[in-house]
K.L.:
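The structure's right below; bear with me while I get my questions together.
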Amino acid sequence: MPGFELFGDLERQQVNDVLESGVLMRYGFDGMRNGHWKARELEDKLSKRMKTKHAQLVSSGTSALTVALASAGIGAGDEVIMPTFTFVASFESIIAVGAVPVLVDIDDTLTLKPDAVEKAVTDKTRAVMPVHMCGSMAQLKELKAICKKHDLLLIEDACQAIGGTYEGKPLGSYGDLGCFSFDYVKTITCGEGGALITDNDQYKKHADHYSDHGHDHTGKDRGAETHPFLGYNFRISELNAAVGLAQIERLDEFLEIQKRNYTVLREALEGLPQVIFRRVPEEGEENYSFLNFFMPDEDKARRAHKALSENGVDGCFYWFDNNWHYINKWDHLKDLKSLGKLPAEINQQLPDYHKQDFSVSHHWMGRTISVLIKLGWTEEEVKVRAKKMVEVLEQF
Ligand SMILES: *Cc1c(COP(=O)(O)O)cnc(C)c1O
């Protein structure tokens, strides 16, 4: 991460194709487009790469999550289980469809703790939405078993782990629906964009219509199309899709670079007894976008994080205090600070997150440091970084 580090001729060529025809919209204008259908082509490439029947491109990862929930018929008063460690997009998308975000602890995988998920299931629960944070995956086999037992949907947020696998399957393709983000800082980027993948024909049809005002996309005249149900505009533009088309061709190259750089850092830290790596579920392979490890306690993690940045090791994150990624700082959610009135179901059903006990999550997050793995580092830079990290961390 991030794919923008290696922008080049391939991206320029793709964008030029679109600018030369001047058709920036993914639908219609057939005669003017010189045969360029960038969004459609990227959907084909993505579904092939992810080994699913369908892909639907949308305007962001957040819209992908929202459209996934809407396409599966999740709405007002339904409960969706999500982790305490994620990006704010998880609860934003749940609330956007009128559903209730039910926050559940994480464990040493830094993703949903399966037995805590099972405890949180009620008769209103409709879906479990694990987030494959920082390059590695949730315990998908266990979560799928819980979903099967309680008749719930499994919706994977693979925005930070594109290209990782579980039981040999691409992350995102294991559940009923999987979501990706192609925002500017993700492993592959469109500038802004996102996608969902699924094997389910009906979810694909719903996603296709819903993300474009409910348009049924039949025939050649957009103005004459009917609207089988209400939708919204979550479309991606051809310009963004064009960048993504160049980047997806390079996904495997990027993954290889991430793995190489990650491995140098990991091997350097392996000798330090105070550093314990985050657990990757059996049968899983990370996408290597971050190296994540635990320090012996919260105080040491905090001080080590500070010392790393003071010694020039940039791109290290201490998520426990982060505004975007951890429940500690989500007061706007806890207090439901919305501009307008929210659906009554959310007001009534949202648990009091000021009072709920998340000490299990705090135990892990308080000790976690994550290091962003960059694509643009030279071999020498990675070696110097590894050496510096060892020098700093061995003092704790
Ligand atoms: C980036 C991200 C999103 C949202 O993607 P956007 O394209 O920025 O809307 C959702 N979930 C996770 C885990 C992310 O990292």
Side-chain angles (χ1 to χ4, degrees), residues 1-4 39 42 46 55-70 80-97 101 103-104 106 109-112 127-138 140 143 154-164 171-172 174-175 177-197 207 211 232-237 239-241 243-244 247-248 258 278 286-290 292 315 317 319 322-327 329-330 333 361 365 368 370 372-373:
M1 273 186 29
F4 73 73
L42 179 51
L46 189 65
Q56 177 70 43
L57 277 180
V58 287
S59 52
S60 70
T62 312
S63 356
L65 293 165
T66 309
V67 173
L69 290 163
V80 179
I81 291 175
M82 58 163 276
T84 52
F85 175 46
T86 174
F87 179 53
V88 288
S90 297
F91 58 77
E92 287 171 350
S93 59
I94 295 167
I95 289 173
V97 299
L103 271 58
V104 164
I106 54 141
T109 64
L110 301 182
T111 67
L112 280 175
V128 178
M129 215 158 79
V131 185
H132 306 315
M133 280 302 276
C134 301
S136 178
M137 76 287 321
L140 286 168
L143 294 178
L154 183 60
I155 303 177
E156 292 174 69
D157 178 339
C159 292
Q160 291 192 11
I162 190 166
L171 293 179
Y174 191 87
L177 290 137
C179 299
F180 299 109
S181 164
F182 304 127
D183 80 19
Y184 189 54
V185 295
K186 295 302 201 285
T187 301
I188 58 171
T189 180
C190 293
E192 298 284 0
L196 62 87
I197 54 174
S211 60
Y232 210 79
N233 179 0
F234 289 115
R235 289 191 308 256
I236 192 165
S237 85
L239 280 174
N240 295 94
V243 179
Q247 290 255 302
I248 198 164
Q258 280 182 178
R278 166 241 197 116
E286 301 177 69
N287 87 336
Y288 306 101
S289 55
F290 287 87
N292 309 277
F317 296 91
W319 305 116
N322 183 283
N323 285 342
W324 287 15
H325 291 282
Y326 193 56
I327 184 163
K329 296 283 175 73
W330 294 341
L333 169 68
S361 300
M365 287 319 294
T368 302
S370 296
L372 180 68
I373 304 296

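Note that the structure is predicted; figures quoted are calculated from it, not measured. Note that the numbering runs from 1 along the sequence shown for the chain. Atoms within a ligand are numbered from 1 in the order they appear, just like the ligands themselves.
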K.L.:
When you measure from atom 9 (O) of ligand 1 to every protein heavy atom, which one gives the shortest distance, and what is it?
P.N.:
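Here the closest protein heavy atom is T62 OG1, 2.5 Å.
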
K.L.:
Is a donor from one side chain sitting under 3.5 angstrom from an acceptor on the other, for T368 and W319?
P.N.:
no

K.L.:
Could you check whether the rings of F87 and H325 sit parallel, tilted or perpendicular, using 30° and 60° as the cut-offs?
P.N.:
tilted

K.L.:
Tell me whether the count of non-hydrogen atoms from other residues, nucleotides or ligands lying under 6.0 Å of OH in Y232 goes above 12.
P.N.:
no

K.L.:
Under 3.5 Å between some N or O of ligand 1 and some N or O of G61?
P.N.:
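Yes; at least one N/O pair falls below 3.5 Å.
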
K.L.:
Counting from 1, what ligand 1 atoms have a heavy atom of A89 closer than 4.0 Å?
P.N.:
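The list of qualifying atoms is 4 (C), 10 (C).
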
K.L.:
Looking at I327, D157, V131, T111, which hits side chain to side chain contact (heavy atoms under 4.5 Å, CB included) with P83?
P.N.:
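Only one option passes, and that is V131.
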
K.L.:
Look at the aromatic rings of Y184 and F4 and report parallel, tilted or perpendicular, splitting at 30° and 60°.
P.N.:
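Plane angle under 30°, so parallel.
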
K.L.:
Out of all atoms in ligand 1, which are within 4.0 Å of some heavy atom of D157? Include the element for each.
P.N.:
10 (C), 11 (N), 12 (C), 13 (C)

K.L.:
If you measure from each non-hydrogen atom of E192 to ligand 1, which part falls under 4.0 Å: side chain, backbone, both or neither?
P.N.:
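Neither part.
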
K.L.:
Atom 12 (C) of ligand 1: which of S93, C134, C159 has the nearest heavy atom?
P.N.:
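Looking at heavy atoms only, the winner is C159.
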
K.L.:
Taking the side chain as every heavy atom from C-beta outward, state whether L69 and M129 have any pair of such atoms under 4.5 Å apart.
P.N.:
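L69 vs M129: side chains touch.
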
K.L.:
Does the side-chain contact (heavy atoms from CB on, under 4.5 Å) test come out yes or no for C190 and I236, once each step is laid out?
P.N.:
CA-CA 9 Å; C190 293; I236 192 165; 4.3 Å; yes

K.L.:
Looking only at heavy atoms, is any part of S60 under 4.0 Å from ligand 1, and if so is it the side chain, the backbone, or both, or is it neither?
P.N.:
both

K.L.:
Which ligand 1 atoms are under 4.0 Å away from a heavy-atom of D183?
P.N.:
1 (C), 6 (P), 7 (O), 8 (O)

K.L.:
When you measure from atom 14 (C) of ligand 1 to each heavy atom in M129, M133, K186, which option holds the nearest one?
P.N.:
K186

K.L.:
Please work out whether any backbone atom (N, CA, C, O) or any side-chain heavy atom from C-beta onward of V131 is under 4.0 Å from ligand 1, and answer side chain, backbone, both or neither.
P.N.:
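The answer is the side chain.
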
K.L.:
Provide, to 0.1 Å, the distance between atom 15 (O) of ligand 1 and the closest protein heavy atom, together with that atom's residue and name.
P.N.:
Q160 NE2, 2.9 Å

K.L.:
Atom 3 (C) of ligand 1: which protein heavy atom is closest, and how many Å away?
P.N.:
F87 CD2, 3.5 Å

K.L.:
Does any N or O atom in T86 lie less than 3.5 angstrom from one in ligand 1, N or O only?
P.N.:
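No.
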
K.L.:
I'd like to check L196 versus V67 (side-chain heavy atoms, cut-off strictly below 4.5 Å). Are they in contact?
P.N.:
yes

K.L.:
Starting from the C-alpha separation in whole Å, work towards a yes-or-no answer on side-chain contact (heavy atoms from CB on, under 4.5 Å) for I197 and F180.
P.N.:
CA-CA 8 Å; I197 54 174; F180 299 109; 3.6 Å; yes

